[in-house]
2 protein chains.
Amino acid sequence: MSDLLERLRGRGWRLTAQRRVVAEVLDGDHVHYTADEVHAKAADLLPEISRATVYNTLGELVSLGEVLEVCTDGRAKRYDPNAHHAHQHLVCSRCGTIRDVHPAGDLVANLPAEERFGFQVSAVDVTFRGICPDCAAA
Amino acid sequence: MSDLLERLRGRGWRLTAQRRVVAEVLDGDHVHYTADEVHAKAADLLPEISRATVYNTLGELVSLGEVLEVCTDGRAKRYDPNAHHAHQHLVCSRCGTIRDVHPAGDLVANLPAEERFGFQVSAVDVTFRGICPDCAAA
DNA sequence: ATCCTACATTGGACTCTGTCTAAGTCAAGA
DNA sequence: TCTTGACTTAGACAGAGTCCAATGTAGGAT
């Protein structure tokens, strides 16, 4: 993630403390924070950061293809920094925990031509749902 | 859909004009209205119906497994009355049109055991994305 | 047929997410 | 170091959804 900032600077991004902090919060695997969670964690590092800036920065990272938006439950969107490795999501129906997963095969190919209604199909989002080990034990 | 009301009455549902109207609005194939769209259409048939009742009724239909909630874009949830026929969704990235589709094969089986993190996986939601014929032509 | 009462409905206030704007601030090139 | 346009800020606003107290009514009991 540290070279993310360099990459973005190469694309004309002005490098501010706020953007640095947001990028830092999003670093890691299986990270899927909501915008407000990102804001809370960013504010631990940079107390004056505003909600608007977090939303702006997340939106820019999404436009630039560095971060994915995921929406697994109809509530707040979550931001997934793992955009450069194609993956899908596995969600616990009870506690909402999200894991990145890698299904086998070509998922788009699962949709037969006669089920495409003339669409040019270019992507597929998959959400596997189940109960995580912690919730199953409880 | 007409026997839906009878089925629900058998489960102790009180049959009110409001619930009848909501069920009527949701009748049909490839129906994926937002709660506010359901409210608008219901209000054409029963002008006094309130938003709260529409939300309550939709929530009950979802709990009873008669209607599915689908969330394809992080905006308003949509309600899909086709809950008794397993299916997935194909969404136009430009105009948002949604079609019900039926992918081939067992989609849950695409997730290898070593990618399940100990979850008991029970369901999978798939959203195919692409450009619909109308948007491609325009 | 009417009465009762628990269940349903209503409108409005409220919460949560997210967007917008006008004014102030600052990164980085000159 | 100066300048300037891009960035940040606080707060107002908007959209989606929930909650609540007051009112209405479906349908079983009489």
Side-chain angles (χ1 to χ4, degrees), chain A residues 5-26 32-43 45-64 66-80 96, chain B residues 4-25 32-43 45-64 66-80 96:
Chain A
L5 294 171
E6 280 314 308
R7 231 181 313 144
L8 294 175
R9 200 144 72 112
R11 295 213 229 169
W13 243 40
R14 194 173 282 187
L15 207 36
T16 66
Q18 290 83 350
R19 289 174 169 178
R20 220 184 318 259
V21 164
V22 169
E24 196 171 328
V25 168
L26 285 177
H32 305 93
Y33 297 136
T34 64
D36 273 345
E37 285 166 355
V38 173
H39 178 236
K41 288 172 198 292
L45 305 170
L46 185 68
E48 330 78 79
I49 193 170
S50 78
R51 248 164 40 89
T53 296
V54 171
Y55 275 99
N56 287 344
T57 305
L58 290 171
E60 285 154 12
L61 289 169
V62 170
S63 303
L64 293 169
E66 298 290 344
V67 166
L68 292 177
E69 258 176 9
V70 310
C71 154
T72 56
D73 65 348
R75 310 200 38 91
K77 285 180 213 164
R78 294 177 172 274
Y79 292 87
D80 181 339
Chain B
L4 164 64
L5 294 171
E6 281 313 309
R7 230 180 315 143
L8 294 174
R9 200 145 71 112
R11 296 212 228 169
W13 242 41
R14 193 174 281 188
L15 206 37
T16 66
Q18 289 83 349
R19 288 174 169 178
R20 221 185 317 260
V21 164
V22 169
E24 196 170 329
V25 168
H32 306 94
Y33 297 137
T34 64
D36 273 345
E37 285 167 354
V38 172
H39 177 237
K41 288 170 198 293
L45 304 169
L46 184 70
E48 327 80 77
I49 193 170
S50 79
R51 248 166 39 89
T53 296
V54 171
Y55 276 99
N56 288 343
T57 305
L58 290 171
E60 286 154 11
L61 288 170
V62 170
S63 304
L64 292 168
E66 298 288 345
V67 166
L68 293 177
E69 257 175 12
V70 310
C71 152
T72 55
D73 65 349
R75 313 206 31 97
K77 286 180 212 163
R78 293 177 173 274
Y79 293 88
D80 181 340

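Just the heavy atoms: all of them, side chains too, but no hydrogens, waters or symmetry mates, feed the values below. The sequence lines fix the lettering, A, B, ..., with proteins before strands; numbering per chain opens at 1.
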Rounded to whole angstroms, how far apart are CG on Leu5(A) and P on dC7(D)? 14 Å

For Glu60(A), what residues pass the side-chain hydrogen bond (donor to acceptor under 3.5 Å, both in side chains) criterion, not counting sequence neighbours? Arg19(A)

Which letter, B, S or -, goes with each nucleotide of nucleotides 1-14 of chain C from 5' to 3', with contact meaning a protein heavy atom under 4.0 Å? -----BBSSBB---

Does this structure show an ion pair linking Arg11(A) with Glu66(A), if we count only N-O contacts that are shorter than 4.0 Å? yes

Measure the spacing between CG of Leu8(B) and CZ of Arg20(B) and express it to the nearest 0.5 Å. 12.0 Å

Please state how far atom CZ in Arg9(B) lies from atom C1' in dA26(D), giving the value in whole angstrom units. 10 Å

Separation of atom CD in Glu37(B) from atom P in dG17(D), rounded to whole Å: 11 Å

Atom NZ of Lys77(A) to atom P of dC16(C): distance rounded to whole Å? 19 Å

Got a donor-acceptor contact below 3.5 angstrom from the Thr53(A) side chain to the Ile49(A) backbone? no

Going from CD on Glu48(B) to CG on Leu46(B), what distance comes out if it is rounded to the nearest 0.5 angstrom? 4.5 Å

Between Asp36(A) (CG) and dT15(C) (P), how many Å, whole number? 15 Å

From CG of Leu8(B) over to P of dA26(D), roughly how many Å is that when rounded to an integer? 17 Å

Is the shortest heavy-atom distance from the side chain of Tyr33(A) to the side chain of Leu58(A) under 4.5 Å? no

Tell me the interatomic distance from Tyr55(B), atom OH, to dC20(D), atom P, rounded to whole angstroms. 17 Å

Rounded distance (Å) that lies between atom P of dG28(D) and atom CG of Leu15(B): 11 Å

